[in-house]
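Please read all numbers here as calculations on a predicted model, not as lab measurements.
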Amino acid sequence: MHADQMQTAYSAALQALAQAGVRALAFAEFEDPDVASVAVECHRDGTVAVTLSNIDGMPVGGYSL
């Protein structure tokens with residue numbers, strides 16, 4: 001496998017892992033009936049912001065790590 005193919009495979013694996021993590025987080029947050037969507041922002045400094053929104057897209061909560 002060439003280096004560029006390894007980079008593509010590594011990127012795809014990271015995206016799949018991130019997707020699984022966000023889906024698991026959403027599953028936990030969706031226990032609250034007011035939460036319709038979960039947005040996750042990852043910043044360069046390592047902080048993560050999570051915004052919880054209702055069905056109309058209005059924020060109803062959130063937190064940062």
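Pairs of residues two or more places apart, or lying in two chains, that qualify as side chain to side chain donor-acceptor pair (under 3.5 Å) and include a residue from residues 13-23 are S11-Q15.
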Using distance only, find each side-chain donor-acceptor pair of residues 54-65 under 3.5 Å and give its atom names and separation, not counting sequence neighbours.
from : atom 1 : to  : atom 2 : distance (Å)
N54  : OD1    : D56 : N      : 2.9
N54  : OD1    : G57 : N      : 3.1
N54  : OD1    : M58 : N      : 3.0
Y63  : OH     : E29 : OE2    : 2.9

Could you give the side-chain donor-acceptor pairs of residues 30-52 under 3.5 Å, partners two or more places apart or in another chain?
from : atom 1 : to  : atom 2 : distance (Å)
D32  : OD1    : D34 : N      : 3.0
D45  : OD1    : T47 : N      : 3.1
D45  : OD1    : T47 : OG1    : 2.7

